[in-house]
2 protein chains.
Amino acid sequence: MDQQRFTLDSHLCFSLYACSRAIFRMYRPLLDELNLTYPQYLVLLVLWDRQESSIKELSQVLSLDSGTLTPMLKRMEASGLLERSRSLEDERIVTVRITEKGLELQDRASCIPASLVESSGLDINQIDMLNETIRTLMSSVDNYR
Amino acid sequence: MDQQRFTLDSHLCFSLYACSRAIFRMYRPLLDELNLTYPQYLVLLVLWDRQESSIKELSQVLSLDSGTLTPMLKRMEASGLLERSRSLEDERIVTVRITEKGLELQDRASCIPASLVESSGLDINQIDMLNETIRTLMSSVDNYR
DNA sequence: TGCAATTATGTTGCTCGAAATATAAAATGC
DNA sequence: GCATTTTATATTTCGAGCAACATAATTGCA
């Protein structure tokens, strides 16, 4: 393996990490208007789709553990976006349900994806193809686990 | 824009974010043996390449700001991997220089890239191509700034 | 039945990551 | 030469992200 392989720029992991943060920065001004952080926006994407979810399901879908989700969901509950309640059938399970206030944000957020696609300068098909490639890479990486 | 565009899986930003963290998890057991975190490893990649750097240069190369770098570099100095010193010509500038101990880690880390390429299940050319694609995307995103 | 193993969530402690602000040194302009 | 602006770094504060551990409910099996 050549020496060049040890530079920062040759590391795919660094590109992914830096690009991910660059995209966070693009989202921020848009999400600031909704008083959301980026991970909170991801939680809402899930809840807008299915109205409610257990913490375990959220954890699997977002690949975040309870140490991250529990305090984050508490903050979101405090700001009225969702409600948490213990399941009656199985008291270990906490169900998270979106509130009216949380649903209202969906309309205000509806312009975000298109707006960011445009800012990226990429064609929507390029984006979808890249997305598929990354998802494939991630499944290999996750299988390795 | 169709409704499907608002699912989590359709978001390239989420794939990048989740994939980046999945790769962090792959690095962790290898970096644990060197007592390094992933961002610290990135700093060392730069310093292994150029021996010394100002904080400003590190900040630009890694796209991390002083609020992240200053405490991180202090921890790395405390563990003996590098030294920080004010420039004599311009006392605003802090130069970070790798130590002997920091250089020694380079040998012990030399197997990491190949090891991770193998675990990814991807061909090295696929990885380089994907890297180029991501870097192109990031430059568009960063131009937008 | 009863007890060990598993499961779902919560807590603690540490490290990023970044916005906002502070501080001190250097550059600039009059 | 001195005030203003710019530059480089540091500090504060908050929100993730995650490992390690704790806790309580459920399951499974002898």
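Keep in mind the model is a prediction, meaning the values are calculated, not measured. Every chain is numbered from 1, with letters handed out A, B, ... down the list of sequences. Because only heavy atoms are used, hydrogens play no part in the values below, and waters and symmetry mates are left out as well, while side chains stay in.
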Does a side-chain N or O of [X] approach OP1 or OP2 of [N] to a distance below 4.0 Å, or not?
X: A:Arg84; N: C:dG10; result: yes
X: B:Arg21; N: D:dG17; result: no
X: B:Thr37; N: C:dC16; result: yes

Inset, instruction - Answer whether the closest heavy-atom distance between the side chains of B:Leu44 and B:Leu34 falls below 4.5 Å. - result: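 No, their side chains stay 4.5 Å or more apart.
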Between [options], which one does the side chain of [X] approach most closely?
X: B:Leu64; options: D:dA16, C:dG17, C:dT9; result: C:dG17
X: B:Glu91; options: D:dT9, C:dA26, C:dT11; result: C:dA26
X: A:Arg25; options: C:dT15, C:dA8, C:dA18; result: C:dA18
X: A:Ser54; options: D:dT11, C:dT9, D:dA16; result: C:dT9
X: A:Phe24; options: C:dT9, D:dA8, D:dG17; result: D:dG17
X: A:Lys74; options: C:dG10, C:dT15, C:dT11; result: C:dT11
X: B:Ile55; options: D:dT9, C:dA8, D:dA16; result: D:dT9
X: B:Thr70; options: C:dA19, C:dT9, D:dT11; result: D:dT11
X: B:Arg86; options: C:dG17, D:dC18, D:dA10; result: D:dA10
X: A:Pro39; options: C:dT9, D:dG17, D:dC18; result: D:dG17

Inset, instruction - Report yes or no: is there a donor-acceptor pair, N or O only, under 3.5 Å between the side chain of A:Ser66 and the base of C:dG10? - result: yes
Inset, instruction - Would you state whether a donor and an acceptor, one from the side chain of A:Arg92 and one from the base of C:dT7, lie under 3.5 Å apart? - result: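 Side chain to base: pair found, below 3.5 Å.
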Inset, instruction - Scan A:Glu89 against the nucleic acid and name what it touches under 4.0 Å (heavy atoms): base, sugar-phosphate only, or nothing. - result: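 Sugar-phosphate contact only.
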Inset, instruction - Under 4.0 Å between any heavy atoms, over every strand shown, what does B:Asp90 touch: base, sugar-phosphate, or nothing? Just pick one. - result: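 Counting heavy atoms under 4.0 Å across all strands, the contact made by B:Asp90 is with sugar-phosphate only.
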Inset, instruction - State whether A:Lys101 and A:Glu104 are salt-bridged, where the test is any N-O pair (Lys NZ or Arg NE/NH1/NH2 against Asp/Glu carboxylate O) under 4.0 Å. - result: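 No, this pair does not count.
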Legend entry - Salt-bridge present (A:Arg135, A:Glu132; N to O < 4.0 Å):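 So A:Arg135 pairs with A:Glu132 through a salt bridge.
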Inset, instruction - Look at the aromatic rings of A:Tyr17 and B:Phe24 and report parallel, tilted or perpendicular, splitting at 30° and 60°. - result: tilted
Inset, instruction - Kindly assign one of parallel, tilted or perpendicular to the pair A:Tyr41 and A:Trp48, based on the angle between their ring planes and the thresholds 30° and 60°. - result: perpendicular
